[in-house]
Number of protein chains: 2
Amino acid sequence: MTGGGLRVMPPKAEMTGSECVSPTHVHCGCREKAIHSAEQVCNQCGVRFTPIRREVLKIIWESHRAVKAHDLLDRIKPKVGTAKPATDYRALDFLLEQGLIHRVESLNAFIGCSCSERQHEQLLLICIRCHEVEERPCERLMEAIAKELEQASFTMQRKAIEIHGICGRCA
Amino acid sequence: MTGGGLRVMPPKAEMTGSECVSPTHVHCGCREKAIHSAEQVCNQCGVRFTPIRREVLKIIWESHRAVKAHDLLDRIKPKVGTAKPATDYRALDFLLEQGLIHRVESLNAFIGCSCSERQHEQLLLICIRCHEVEERPCERLMEAIAKELEQASFTMQRKAIEIHGICGRCA
DNA sequence: TCATGATTGTTACTTTATAACATAGCTCTC
DNA sequence: GAGAGCTATGTTATAAAGTAACAATCATGA
């Protein structure tokens, strides 16, 4: 979900079903948007959005579920015959660095980043039924965390805030 | 740290240095307290605190750093010659279930739980210099999260809140 | 065109984790 | 105390996640 907002249900004809792996994933143009945005980001930063990196990002955006390394490898092989673990992890490292994907620590998996600005604070809601991951902003949360860190004399460098549970649609 | 509070520096004679793996770990009786508490918890719940489970918990409490599976296996082998991965993971699963340890998702590692009550809300502060992990209560934080979850119509089942950075002593 | 750095190919390996079935040990009941 | 039933551990095998090291290739600018 590019904005984390309402999910509009388009008629089936608009869906690119063949590419959509998640049964609950309604194709809303988010993937195309993400790829396009990634192109711009890479151009701006003077880094190369190579075919492999593009393919990996596309696969990750095929659903709103977190993609595991093994699945990713299986799914990239038809497109990049030479793909091996290192191929994937390099592309993933690149995409993480550019802020184009997030790592879901509690799943050892990866999801596309739907932030409008890169590297912003986020909270991940992981549904244990449909396995979709929703990324939400958490400015208020970060205020509370900042207070706690101050008390603890702790300087934050990176964080993972991941909630597992039942999403609204599955409830 | 049993209470997350001040760390009292005892004279060296009081330290059981031979058992303390972490160079920065000041032995404060926390391990003995943890083992004793674990005994009580297991008795109350009618579950068995077997020698293997006790050894695993002891090893985890040898420092305030998170222990990785591989290290744990290396360190348990001298004590339990037959130890294999399954041995460890079974003991870890047990200790997790009883709330005696936490899993640090962003490290794929485990630390002793220093909560006075089991299963309470906590926040993990992970120092990237000394690698010690401090567990802190986060009731206020949970209020902010609850609000966010309500907005998202999300029902929480479990969570991981992990902050990486520099602790006060290392700063 | 050639040098340079970035990217990808390739091989090998480490670390993390689980599944499945066999064996041993505890505990309760008869 | 025998034996049934459950829990815990032993054992083997394998899946999944991740990294290191070096070779080959490609893009780009001097």
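Just so it is clear: chains get the letters A, B, ... in the order the sequence lines come, proteins before strands, and each one is counted from 1.
- Between R53(B) and dA8(D) there is a side-chain N or O to OP1 or OP2 distance below 4.0 Å.
- The pair E55(B)-R53(B) does not count as a salt bridge, with every side-chain nitrogen at least 4.0 angstrom from each carboxylate oxygen.
- Between the CG atom of D88(A) and the P atom of dT7(C) there is a distance of 17 Å, given to the nearest Å.
- Closest of all the heavy-atom pairs between L72(A) and V56(A) is CD2-CG1, 4.0 Å.
- In this structure, S106(A) and H164(A) approach most closely via the heavy-atom pair OG-NE2, 2.7 Å.
- Residues P51(B) and K84(B) each lie close to DNA chain D; by heavy-atom proximity, the contact nearer the 5' end of the strand is made by P51(B).
- Between Y89(B) and dT18(C) there is no side-chain polar atom (N or O) within less than 4.0 angstrom of OP1 or OP2.
- N43(A) places its CG atom 15 Å from the C1' atom of dT28(D), with the value rounded to the nearest Å.
- Rounded to an integer number of Å, the gap from CD1 of I76(B) to P of dT9(D) is 10 Å.
- One finds a side-chain N or O of K68(B) lying less than 4.0 angstrom from the OP1 or OP2 phosphate oxygen of dT16(C).
- Between E97(B) atom CD and dT7(D) atom P there is a gap of 12 Å when expressed in whole angstrom units.
- Between dG10(D) and T82(B), a contact under 4.0 Å exists linking OP1 or OP2 to a side-chain N or O.
- dT19(D) atom P lies 18 Å from atom NE2 of H70(A), rounded to whole Å.
- Mapping P85(A) and F94(A) onto DNA chain C via the closest heavy atom, the residue that lands nearer the 5' end is F94(A).
- Contact annotation for R90(A): base contact, defined as any heavy-atom pair under 4.0 Å involving a base atom.
- A donor-acceptor pair under 3.5 Å is absent between the side-chain atoms of E162(B) and the main chain of L123(B), judged by distance alone.
- When rounded to the nearest whole Å, the span between NZ of K77(A) and C1' of dT10(C) equals 13 Å.
- Note on R158(A) versus E105(A): salt bridge recorded, some NZ/NE/NH1/NH2 to OD/OE distance being below 4.0 Å.
- For T50(A) and dT8(C), the shortest distance from a side-chain N or O to OP1 or OP2 is below 4.0 Å.
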